[in-house]
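Below: one structure, written as structure tokens.
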Amino acid sequence: MSTRPTALPPAGAPDVLYLIDLSGYVFRAYHAISPLSSPSGEPTHATYGTVAMLSKLVEERKPAYLGVAMDAGGKTFRGELDARYKAHRPPPPPDLTVQMARCKEIVEAYRIPIFIEQGLEADDLLAVAVARAKEKGLRVVIASSDKDLMQLVDDERVVLWDAMRDKVYGAAEVKEKFGVPPEQVRDLLALVGDSSDNVPGVPSIGLKTAAELLGQFGTLEAIYARIDEVKKPRTREALKTNQADALLSQKLVTLDGSASVDLDLEKLQYGGGADVDRLRELFTALGFTRFLKAVRAPTPEAREATSRVILSREELAAFVAEAREAGRLALEVHASSRDPMTASLVGVALACQPGQGVYVPLGHRYLGVPAQVSLNDLKEVLGPALADPALPKVGHDVKFCEVALQRQGFSFAGVTFDTLLASYLLDPEGNNALPVLSERDTGIKVPPFEAVAPKRKGQPTRGLDEVEVSDAAKYAAAFPAAALAVSDKLRPRLRSERLEKLLDDLELPLAGVLAQMEVAGVLVDPGALTGLGEQMAKELAVIETRAREIVGHELNLASPKQLETVLFDELKLKSQRKTKTGRSTDADVLEALAEEHPLPGVVLEHRLIAKLKGTYVDALPKLVHPETGRIHTRWSQAVAATGRISSQDPNLQNIPIRTALGRSIRRAFVAPPGSVFLSADYSQIELRVLAHLSRDPVLVEAFRTGQDIHTRTAMEIFDVDAASVTEEMRRQSKTINFGVIYGMGESALAKRLGIPRAEAARFIDAYFQRYRGVHEFMERTMAEARRSESVHTLLGRRRLLPDLRSSDRMRRAYAERIAQNTPIQGTAADLLKLAMVKLARPVVPGARMVLTVHDELAFEVPSGVVEEASVKVREAMESVYALDVPLVVDIGHGASWAEAH
DNA sequence: TGTGGTTT
DNA sequence: AAACCACA
């Protein structure tokens with residue numbers, strides 16, 4: 001026997017037929033996998049196992065020919081032969097029948113041919129298919145582990161593949177398993193019988209005896225012809241007595257490949273042309289998010305988008321007419337920088353047919369540049385179309401276009417699709433760049449910028465505005481051309497994956513709100529900052545001098561490398577922790593060292609001031625817009641994996657608040673004369689979300705009765721009454737509540753609280769003892785997440801987590817923390833986004849939303865109407881969604897952001 | 001690129 | 001946990 005195990009033919013081999021014993025597979029998965037159900041409660045475990053096999057087969061084996069055999073149900077010729085055959089079997093349980101039907105639907109959606117034949121079992125059909133395939137010279141892989149089918153194995157040309165265990169049975173493996181070659185399996189099974197099918201066989205003859213007999217005689221017929229040569233008397237007698245049953249069993253187990261069945265092998269050629277929409281719909285309904293990613297229409301033919309340059313008002317007018325005729329308009333604004341508030345327009349690219357773009361250069365400047373459309377002509381000709389809400393607009397990052405155009409005095413309405421936002425909803429951590437989406441989903445290539453503007457030796461890289469317009473058009477016009485084509489692919493995907501509402505009712509309207517916020521900006525009082533900056537510079541100088549005196553030489557306190565040498569080599573302080581490159585000098589380490597030496601404390605003070613000065617005090621004045629005098633942060637809604645909004649230039653979401661110095665920076669964010677700064681915070685939104693999602697009775701009650709949640713947690717885990725909760729107990733409880741939200745493990749909690757791991761473990765344990773509902777919710781979430789390889793929020797936003805099945809423990813543990821955190825953080829983000837959309841229109845005339853920080857919205861409000869605005873903002877935010885617990889908003893106002901808190 | 005630090 | 005940013 002060969003020592004090398006039989007292997008499957010190579011993936012994609014053109015002469016291989018894959019056959020699936022579907023009924024057998026579903027039946028096996030039904031018993032092998034523990035029960036699961038879909039979000040709607042439908043049983044799914046057998047379906048899940050079957051889909052896992054199917055998708056693995058289709059994705060990895062890339063079958064050239066593929067077919068599925070199923071039992072027809074009802075009477076078979078075997079039942080006619082022997083009334084006992086499979087007669088003892090109870091009717092299949094209803095949850096198996098449901099899943100069998102589902103599996104059939106899924107196979108149909110894969111567009112895999114199914115053969116069913118009255119009177120025959122799936123095994124018989126497989127035998128026929130194998131026989132026909134052999135005639136044609138095809139190799140065959142049967143996806144099954146049914147021992148009856150092993151008689152069909154033919155060396156390495158016909159093999160059985162147990163996809164669940166990934167084991168392949170060729171002749172060698174069959175011999176190993178049964179002790180006989182495949183051609184004797186039939187007679188072996190006839191002798192041994194099969195209790196699960198009620199095939200009688202010969203009593204007292206087992207696998208070993210049967211194999212020995214067949215080794216000696218070759219066939220069942222030969223055994224009976226030479227029955228007297230059977231040595232063991234007991235075996236001989238058993239054979240004689242049960243000759244009828246043995247022959248009957250042989251008929252029952254024989255798979256006859258010569259049956260006349262209508263089966264055309266040519267129809268089994270598999271092109272991979274699955275009904276992807278139907279598959280996605282089924283997988284979504286069943287909660288099989290894990291398989292969604294693999295469902296992809298066959299890669300379309302690669303092609304370039306067409307492009308045309310528009311240089312005159314007339315040509316532009318003709319295009320606008322075309323777009324109106326086509327009923328939609330895709331656009332991409334090409335600007336001189338990523339910041340739409342300061343960028344100048346280089347050109348506008350448009351499309352109204354997928355794959356066909358035009359480019360309107362506006363600000364190209366190079367020697368010999370042709371006359372370009374003027375901004376005024378653009379406004380007059382394209383402006384009305386952009387402003388027309390009845391003309392649907394499509395783009396990739398439409399907010400950028402909107403802000404850049406608004407800045408030039410255009411109005412903008414009627415956005416119906418954004419490929420960036422759509423792609424983000426489908427996979428927030430995927431690559432959402434338009435060229436990537438376009439090539440993958442539509443085959444349209446967006447050329448890289450370098451392709452139209454090759455780098456020239458010794459010359460600086462050019463901007464788009466320095467590229468010859470017809471070259472630029474090949475690049476620029478491809479964007480809207482691709483966006484339109486991509487939108488046609490993504491819209492049905494969003495629909496079948498139940499993300500369409502999230503786009504239409506949340507993200508798209510939110511993009512408009514964020515655009516308004518970017519245009520509005522926020523006012524910073526530069527005077528307040530310069531004074532602060534001078535003061536900080538002086539303090540830093542003093543600290544640096546002190547540090548020099550301590551160590552006796554020059555040193556740069558901002559350099560972790562220098563600091564490392566001084567602290568651990570010169571001063572011989574004990575290294576606490578290592579980083580990848582050396583010994584850590586982070587705040588925790590310095591705090592620990594501060595007791596032993598004066599230098600670490602000095603460094604900490606320096607770091608605090610230098611950080612605030614560099615990041616805010618010095619940076620903010622540079623970001624003041626020269627024309628508006630305000631700071632126009634860019635808001636991103638398609639960056640954070642959890643669904644949160646993020647902000648850049650500056651990041652308004654990490655402006656200091658805890659230290660006095662930090663608060664003085666917030667004091668520089670002010671409302672203009674005649675207005676006040678109004679700030680509204682959701683109180684404990686994440687824990688409220690957790691209460692709602694988990695329905696934990698203690699948590700829900702605490703919020704319904706308006707208790708201090710950290711005190712309540714302290715009462716629970718320390719088992720004391722409210723009056724006995726000390727400051728320290730409350731502080732620890734607060735950290736634990738945080739830990740729960742972030743999926744913090746023991747070690748992270750221990751570090752935070754500065755306690756031993758074992759103690760942290762006890763806290764966590766006590767927490768889950770008292771908040772049983774939370775514990776159960778976490779377990780449920782994790783089980784769901786493992787199955788679907790994804791987690792989702794209250795509004796159905798999702799995050800894919802393939803790493804939950806990673807073989808790397810670190811990655812898996814990381815994914816598990818994310819699985820705990822994301823439903824909570826993401827749902828809080830959903831609610832805030834909802835509130836923002838709800839507050840899209842000013843609550844009172846003259847009010848405008850200027851910033852958001854995860855659980856906070858801030859507005860500029862005319863001074864006279866603050867009270868009215870406060871009432872309206874609170875009402876809107878608190879009623880944004882009816883949770884099981886009340887939503888509470890803390891609201892305040894004042895001259896600056898600091899005072900509004 | 002790595003380290004460190006700010007927010008929620 | 002997950003953003004963004006400064007600095008060496």
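FYI, side chains are in, hydrogens and waters are out, and symmetry mates aren't considered; it's all heavy atoms of this structure. Numbered from 1 within each chain, the chains take letters A, B, ... in sequence-line order.
One atom, NZ of A:Lys613, and another, P of B:dG5, lie 18 Å apart when rounded to the nearest Å. Counting to the nearest Å, the C1' atom of B:dT8 and the CG atom of A:Leu851 are 13 Å from each other. Taking atom CD1 of A:Ile645 as the reference point, atom P of C:dC4 lies 13 Å away to the nearest angstrom. Atom CG in A:Leu612 sits roughly 15 Å away from atom C1' in C:dC7 (whole-Å rounding). Rounded to an integer number of Å, the gap from A:Arg607 CZ to C:dA8 C1' is 12 Å. At whole-Å resolution of the value, CD1 in A:Ile631 and P in C:dC5 are 13 Å apart. If you take CG of A:Asp649 and P of C:dC4, they are 10 Å apart, rounded to a whole angstrom. Atom CG of A:Leu623 is separated from atom P of C:dC5 by 9 Å (rounded to the nearest Å).
Among the protein residues, A:Arg634 comes within range of no part of the nucleic acid, since none of its heavy atoms lies under 4.0 Å from any strand. Nucleic acid contact class of A:Leu608 (heavy atoms, under 4.0 Å, all strands): sugar-phosphate only. In this structure, A:Ile741 reaches neither bases nor backbone, as no heavy-atom distance under 4.0 Å exists between it and the strands shown. Counting non-hydrogen atoms under 4.0 angstrom, A:Phe738 reaches nothing in the nucleic acid. A:Ala641 comes within 4.0 angstrom of the backbone, heavy atoms only, and of no base. Within 4.0 Å of A:Ala610, counting heavy atoms only, lies no atom of the nucleic acid at all. Looking at heavy-atom distances under 4.0 Å, A:Ser647 makes contact with sugar-phosphate atoms alone, never a base.
In terms of position along DNA chain C, the nucleotide closest to A:Tyr742 lies nearer the 5' end than the nucleotide closest to the other residue of the pair A:Tyr742 and A:Thr615.
Side-chain contact check for A:Glu899 and A:Ser896: at least one donor-acceptor pair (N or O, by modelled atom type) lies under 3.5 Å.
The side chain of A:Ile818 approaches C:dA1 more closely than any other nucleotide in the set C:dA6, B:dT8, C:dA1. Closest to the side chain of A:Lys611, from the set C:dA3, C:dA1, B:dG4, is B:dG4. Nearest nucleotide to the A:Asn651 side chain, out of C:dA2, B:dT6, C:dC4: C:dC4. Closest approach to the A:Ala619 side chain among C:dA6, C:dA3, B:dT8 is made by C:dA6 (side chain taken as heavy atoms from C-beta onward). Considering only the side chain of A:Asn654, B:dT7 comes nearest among B:dT7, C:dC5, B:dT8. Out of B:dG5, C:dA3, C:dA1, the shortest distance to the side chain of A:Arg817 is found at C:dA1. Listed candidates were B:dT8, C:dA3, C:dA2. Nearest to the side chain of A:Ser646 is C:dA3. Of all nucleotides listed (C:dC5, B:dG4, C:dA1), B:dG4 comes nearest to the side chain of A:Asp586.
Annotation: side chain of A:Val888 is in contact with side chain of A:Arg688 (closest heavy-atom distance under 4.5 Å).
Classified by interplanar angle (parallel below 30°, tilted 30° to 60°, perpendicular above 60°), the ring pair A:His775/A:Phe768 is tilted.
A:Arg658 contributes no side-chain N or O that forms a donor-acceptor pair with the base of B:dT7 under 3.5 Å.
Under a 4.0 Å N-O distance rule, the pair A:Arg407/A:Glu518 does not qualify as a salt bridge.
Distance alone, capped at 3.5 Å, places no donor-acceptor pair between the A:Ser788 side chain and the A:Thr289 backbone.
When A:Leu831, A:Val880, A:Leu514 are each tested for a side-chain contact (heavy atoms from CB on, under 4.5 Å) with A:Met836, only one passes: A:Leu514.
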